[in-house]
Amino acid sequence: MSLWESLLGALEGLRANAFRASLTMLGMAIGVAAVILLVSIGDGTKQYITKQFSDLGTNLIIIQPGRTETKSPMGPPPGGATRKLTMDDTRALRKWGTQLAAVTPVTLGSGSLRYRDRQRDVTILGCDDQFTEILNLSVGFGRFLSPNDAFSGRRVCCIGETVREQLFGEANPVGEIVQIARSQFRVIGIMARKGTTLGMDMDDLVLVPVRAYMKVFDTDSLFGIRAKALNQDVMEDAMEQAKSILKRQHHGNEDFTLISQDAMMSTMGTILDMIKYIMAGIAGISLVVGGIGIMNILLVSVAERTREVGLRMAVGARRLDILKQFLTESMVLSLLGGSMGVACGLGSATAVGMISEKFQPIVTAGTIALAVFFSGGVGLVFGVYPAWRAAQLDPILALRRE
Amino acid sequence: MIDLERVNRVYVVGKGSGLFQEVIALKDLSLHVESGEFVAITGASGSGKSTLLNILGCLDRPTSGSYRLDGLEVSGLSDAVLARVRNQKIGFVFQSYNLLPRHTALDNVALPLIYSGVSRKARRRRAEVELERVQLKDRSHHRPNELSGGQSQRVAIARALIQNPSILLADEPTGNLDSRTGREIISIFHELNVERGVTVIMVTHDPVVAAAARRVIRLADGEIAEDLAQTSRQGGVA
């Protein structure tokens with residue numbers, strides 16, 4: 001009995017009980033659709049977050065004060081720093097860091113920004129002229145902090161789009177004086193809209209020269225240093241170089257931590273993959289439930305068609321032929337259900353993509369192949385027992401069954 | 001062609017309950033049937049008729065003894081080989097026709113050919129020829145529930161004959177039919193026997209039907225009680 005014959009036979013058998021068969025397939029379809037939808041959401045989340053990281057800038061090296069004994073790629077726990085990073089460290093990196101394209105000190109705090117009678121609480125970030133290059137920012141209007149501003153700590157600032165809208169409305173803010181922590185700053189530029197990156201609203205920032213920040217907030221330590229390697233190939237070298245420069249600066253102590261963006265991304269990737277697999281596993285449970293449905297319906301079918309099995313054996317069907325017949329039916333049920341599931345999964349993933357703007361579920365060919373492969377596997381596994389039962393029937397007893 | 005020698009068939013009833021009991025269905029039975037014979041097997045119920053027919057049809061194996069079919073010792077063959085023997089050499093006709101309800105008459109007739117790897121097209125062609133022989137060509141595309149009892153049995157006969165088997169085994173073939181239709185079926189058997197030389201072995205408890213055969217074997221308690229060759233057929237056949 002050829003495969004094609006078995007297939008036609010199976011389809012005919014299913015058509016005879018079309019409603020029952022479609023209910024069984026529905027179970028399978030839901031399982032497959034759930035797997036596809038959840039995996040595509042997992043993949044979409046990963047891509048979304050990966051994009052957030054790469055929006056931070058490429059070839060980014062993050063330097064934070066403090067040293068963790070265990071190598072956490074997410075940086076040292078806060079508050080554990082023994083020695084701060086300073087402007088001297090930044091200068092040293094600039095001077096000796098031949099593998100670094102740009103280096104900027106970063107200070108971070110929050111404060112209120114006042115313009116005339118309006119006031120807004122914002123994140124205030126101290127940096128210097130190379131900050132935009134490292135973090136892929138650009139100025140929408142006016143100009144960014146110049147090397148001169150940075151060197152002299154001039155009281156100028158660049159503001160984000162949100163800040164501009166809230167404080168100035170339609171008015172042109174460039175040249176206006178705003179007040180930050182009782183000091184007056186002149187607005188020199190407005191940053192181009194960037195959106196939220198890793199939970200930080202880049203449009204709700206006020207950027208000031210780091211020296212001005214230190215004076216106004218009376219601090220001499222940095223939040224951290226951000227640097228950019230010349231290119232992807234020298235990333236490792238650049239990290240090593242930065243490390244040795246800073247170590248010399250700190251009298252041989254490695255009381256700081258360097259994190260490459262790659263390391264952060266791969267850690268996040270691992271976590272996100274794990275979440276994805278867990279979700280796929282949960283969806284996989286519904287595949288198993290679908291499989292049990294198939295097994296149940298096949299057992300019923302075998303019982304109903306006992307006489308048919310007996311007759312087929314009497315006219316020359318081998319046990320193997322009977323086994324194949326029912327196994328094919330099971331496979332057809334699960335694969336047809338699976339294809340319905342693929343359609344539903346694709347449909348619902350598209351729907352999710354249409355509802356949310358930023359986030360897009362990603363359905364890969366691999367995901368579909370996996371889902372179809374599993375639905376076929378489920379059909380095989382759960383079809384074996386009923387098919388085996390049918391094949392083991394005694395033709396004499398089977399023929400006598402009413 | 002058929003050689004049964006000291007065949008026993010013992011069933012074990014109540015297996016595993018501790019109270020099992022052996023039932024002897026066939027007792028030291030020896031039987032020889034020549035090619036081209038028309039044999040009726042009669043006997044009270046429980047006399048072993050069906051068991052004998054099942055063994056002859058290779059659906060069952062003797063507990064002991066030997067069964068040679070066309071010189072081939074069948075009792076030691078595997079399930080798969082027996083299936084092949086059934087497919088090629090034996091045609092079955094049952095009391096309740098056993099047609100597949102969802103298949104057309106044509107597909108029912110063609111069923112045995114599926115298991116010998118005949119293509120769909122060739123199957124149809126041969127099934128049509130066979131249906132024509134039982135005068136049901138116009139019913140090819142009807143399903144069993146659209147056929148009368150006599151028609152159903154004729155479809156079943158066409159199915160039994162499609163592989164040109166040397167033996168036709170019938171188990172109460174007229175049991176579900178009225179006497180006139182029954183006579184028609186028996187006359188088809190007779191024709192097959194005479195014209196195509198098919199060996200017919202038929203189990204029946206109806207003496208009128210049995211009378212159509214040229215040899216009547218009566219079983220009692222798993223043994224042959226009577227083996228009569230009838231020189232002339234009496235009654236029954238039109």
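The structure presented is a predicted model; accordingly, all values stated were derived computationally and were not measured. The chains referred to below are lettered A, B, ... by the order of the sequence lines, with proteins before strands, and numbering in each begins at 1.
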Chain A contacts, top residue of Arg84(B), Gln88(B), His103(B) (heavy-atom pairs, under 4.5 Å): His103(B)

Portion of Asp60(B) that has a non-hydrogen atom of chain A nearer than 4.5 angstrom: both

Segment of Asn54(B) engaging chain A (4.5 angstrom heavy-atom cut-off): side chain

Sorted by number, residues from residues 384-397 of chain A in contact with chain B (heavy atoms, under 4.5 Å): Pro395(A), Ile396(A)

Option in Leu8(A), Leu320(A), Leu311(A) with maximal non-hydrogen atom pairs under 4.5 Å from chain B: Leu311(A)

Main-chain N/O of Gly222(B) paired to Lys27(B) side chain as donor or acceptor, under 3.5 Å: no

Contacting moiety of Ser96(B), where chain A heavy atoms sit under 4.5 Å: both

Polar side-chain atom of Ser301(A) near backbone of Ile297(A) as donor-acceptor pair, under 3.5 Å: no

Sequence-distant partners of Phe382(A), ring-ring contact (aromatic ring centres under 6.0 Å, His included), two or more places apart: none

Criterion salt bridge (Lys or Arg N to Asp or Glu O under 4.0 Å) on Lys276(A) and Asp43(A), from CA distance to verdict: CA-CA 7 Å; Lys276(A) 183 176 93 181; Asp43(A) 279 338; 2.7 Å; yes

Polar side-chain atom of Asn8(B) near backbone of Thr63(B) as donor-acceptor pair, under 3.5 Å: no

Selection from Ile90(B), Leu82(B), Asn98(B) maximising heavy-atom pairs under 4.5 Å formed with chain A: Asn98(B)

Arg143(B) backbone acceptor or donor facing Glu146(B) side chain under 3.5 Å: yes

Residue pairs, two or more places apart or on separate chains, that pass salt bridge (charged side-chain N to carboxylate O under 4.0 Å, His left out) and touch residues 373-385 of chain A: none

Under 3.5 Å donor-acceptor, Asp171(B) side chain and Val203(B) backbone: no

Would you mind writing out the side-chain donor-acceptor pairs for residues 32-39 of chain A within the sub-3.5 Å range, not counting sequence neighbours?
none

Part of Arg159(B) lying under 4.5 Å from any heavy atom of chain A: side chain

